[in-house]
Q: 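Have a look at this one.
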2 protein chains.
Amino acid sequence: MNLSIFLKQVVDFSSEELEDIVSHFEKESVQKNEILVREGQICSKLYFIEKGVGRSYYLKEDGMEITQWFFIDGKIMSSIESFFQQVPSIYYLEMLEDSVIYSITRERLDMLFARYHNMEKFGRLLSTEMLTRVVNKLNALQFQTARERYEYMLKEFPDISTRVSLGFIASYLGMTQETLSRIRRNDSKKS
Amino acid sequence: MNLSIFLKQVVDFSSEELEDIVSHFEKESVQKNEILVREGQICSKLYFIEKGVGRSYYLKEDGMEITQWFFIDGKIMSSIESFFQQVPSIYYLEMLEDSVIYSITRERLDMLFARYHNMEKFGRLLSTEMLTRVVNKLNALQFQTARERYEYMLKEFPDISTRVSLGFIASYLGMTQETLSRIRRNDSKKS
DNA sequence: TGTATCCTTTGACCTATGTCAAAAAGTAAA
DNA sequence: TTTACTTTTTGACATAGGTCAAAGGATACA
């Protein structure tokens, strides 16, 4: 999905607003496995994914990677807390496919927030939407079995399971890859 | 904490803005165990808690109550998704102490969002803050032991453990009350 | 001051899921 | 097509935390 269509879909920007806003984004092509932000860095940009998939993850003390979120095309990607509170990121941001993304810096975004009331609204709507998505995941993790959590993820990210490796999905769901593998085996038996 | 101090702390409103905004809230006194919103209702108000504590919870199919979030004095309380997307709430909102709260309807809030750019900013900042808090909980639930989850909660809600019953905290943390009780026993042995 | 109600703790036992290790399958590169 | 590497599956076993049941403690109220 195209950036201005995405923007327009959230808030009814005027053509002039839209043009100005889009002009502050920069197009970037990034390759599979490229890392946009590392742990400890302050995430200075917000990304819109035109094409591709990314994830955020962090490292446990034992070095294990825990996937925190998947970001798919047509959505915003960032290390949210780091970007908005300007604190060091606890996450890595990594692209999992060759991707086309649009980035905007915090300074430019703040400028747009100040310039356009509509842009502020866009920011508000975006974060409430993200909030409800995160809360959905929270519900899945709080009191559901491994299989129910997997079902939640199929709803939230319908096509992700064919695009990224099983280990990433397993850690996203708070389970081991062995467990996820066994869940899938049982599913395929039934069908 | 007082409502206008709270507002001013988040965004630098002018005195006139502040006065107008505060005038659209209504003060309510509610008793312990009173339910503000039930499952299936559309949550029509956003609340500011001046004094007291509340929680949101939902019912599992077997009737078990799962606490989703605690709301303490000096913070905003609502059934977020229901309020912002105007969909039926999957949560109950309940006060756990005799409380003093200020409420504002969705219509009035929308009007204030439209009237004041600063108010829109307030909404945005509030939801990004909430977002980071929810993400913190998510991290705790995703790959931590019961004891680590309990430690997370002591940080997030330092005094809640003395104010609400153990069963509520246990379900908030995605564990049974027996497990939480045993964790506390071990803690007290050590000290 | 007794009685009912609710909340917390404890014990015995069970199960879902984790851990570890190895085999199998898939993918890429030479 | 062979070799090397990565990802997924499988099996055997271990364990954190769940379940169920009962006993204690608190709290309220009549």
Side-chain angles (χ1 to χ4, degrees), chain A residues 31-35 53 55 57 60-67 70 94-98 139-154 160-191, chain B residues 31-35 53 55 57 60-67 70 94-98 139-154 160-191:
Chain A
Q31 290 200 302
K32 182 171 174 170
N33 299 328
E34 205 171 312
I35 292 190
V53 209
R55 64 164 182 151
Y57 68 93
K60 286 211 298 184
E61 322 74 55
D62 61 4
M64 190 183 183
E65 293 182 359
I66 309 290
T67 297
F70 291 112
E94 177 189 28
M95 299 312 297
L96 302 175
E97 294 176 354
D98 294 347
N139 285 339
L141 286 177
Q142 191 163 344
F143 248 106
Q144 292 187 234
T145 62
R147 134 157 282 106
E148 288 169 324
R149 299 202 297 276
Y150 181 59
E151 280 154 14
Y152 141 79
M153 110 83 66
L154 291 180
I160 210 90
S161 63
T162 58
R163 293 170 77 176
V164 312
S165 70
L166 173 139
F168 294 165
I169 296 174
S171 76
Y172 171 85
L173 294 174
M175 67 184 76
T176 60
Q177 54 179 13
E178 291 92 333
T179 296
L180 181 52
S181 174
R182 288 187 249 259
I183 287 172
R184 282 188 173 172
R185 175 179 50 181
N186 292 342
D187 281 359
S188 57
K189 264 189 208 160
K190 279 177 205 155
S191 64
Chain B
Q31 290 200 302
K32 183 170 173 170
N33 299 327
E34 207 170 309
I35 292 190
V53 211
R55 65 164 182 149
Y57 69 93
K60 285 211 299 184
E61 321 74 53
D62 61 5
M64 191 183 181
E65 293 181 0
I66 309 290
T67 297
F70 291 111
E94 176 189 28
M95 299 312 298
L96 303 175
E97 293 176 355
D98 292 348
N139 285 338
L141 285 178
Q142 191 163 344
F143 247 107
Q144 294 188 235
T145 62
R147 132 157 287 105
E148 289 168 323
R149 299 203 297 275
Y150 181 59
E151 280 154 15
Y152 141 79
M153 110 83 65
L154 291 178
I160 210 89
S161 63
T162 58
R163 292 171 77 178
V164 312
S165 69
L166 173 137
F168 294 165
I169 295 174
S171 76
Y172 172 85
L173 293 174
M175 66 184 77
T176 60
Q177 54 180 11
E178 292 92 333
T179 296
L180 181 53
S181 174
R182 288 186 248 260
I183 287 172
R184 282 188 172 170
R185 175 179 53 182
N186 292 342
D187 281 358
S188 57
K189 264 188 207 158
K190 280 179 204 152
S191 63

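Chain naming here is simple, since letters A, B, ... match the order of the sequence lines and numbering starts at 1 in each.
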Q: Can you establish whether the number of heavy atoms outside A:K32 located under 6.0 Å from its atom NZ is more than 12?
A: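 12 or below, so no.
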Q: List in chain and number order the residues that pass salt bridge (charged side-chain N to carboxylate O under 4.0 Å, His left out) with A:E34, two or more places apart in sequence or in another chain; answer none if no residue qualifies.
A: none
Q: How would you list, by chain and number, every residue that makes a ring-ring contact (aromatic ring centres under 6.0 Å, His included) with B:F70, sequence neighbours excluded?
A: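 Counting only residues at least two positions away or on another chain, B:F70 forms a ring-ring contact (aromatic ring centres under 6.0 Å, His included) with B:F157, B:Y172.
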Q: Can you check whether B:S171's main-chain N or O pairs, donor with acceptor, with A:Q142's side chain at less than 3.5 Å?
A: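 Confirmed, A:Q142 side chain pairs with B:S171 backbone.
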Q: Tell me: CG of B:N33 to P of C:dC6, nearest whole Å?
A: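 Atom CG in B:N33 sits about 11 Å away from atom P in C:dC6.
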Q: In Å and rounded to the nearest 0.5 Å, what is the OH to CG distance from B:Y152 to B:L141?
A: 7.5 Å
Q: What residue among A:Q144, A:M153, A:E148 forms side-chain contact (heavy atoms from CB on, under 4.5 Å) with A:L173?
A: A:M153
Q: State the CG-CD1 distance between B:L166 and B:I183, to the nearest 0.5 angstrom.
A: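 Going from CG on B:L166 over to CD1 on B:I183, the span is 9.5 Å.
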Q: Would you please name every residue forming a salt bridge (charged side-chain N to carboxylate O under 4.0 Å, His left out) with A:E65, sequence neighbours left out?
A: A:R55
Q: Can you build the contact string for nucleotides 24-30 of chain C? Use B for base contact, S for sugar-phosphate-only contact, and - for no protein heavy atom under 4.0 Å.
A: -------
Q: Bend angle of the helix from C:dT1-D:dA30 to C:dA30-D:dT1 from five-pair axes at both ends, rounded to 10°?
A: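 Taking five pairs per end, the axes differ by 50°.
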Q: To the nearest 0.5 Å, what is the distance between CZ (A:F143) and CE (B:M175)?
A: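 The distance works out to 8.5 Å.
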Q: Using a cut-off of 4.0 Å between protein heavy atoms and nucleotide atoms, how would you tag nucleotides 7-23 of chain C 5' to 3' with B, S and -?
A: SBBBBB----SSBBB--
Q: Are any non-hydrogen side-chain atoms of A:V164 and A:I169 less than 4.5 angstrom apart?
A: yes
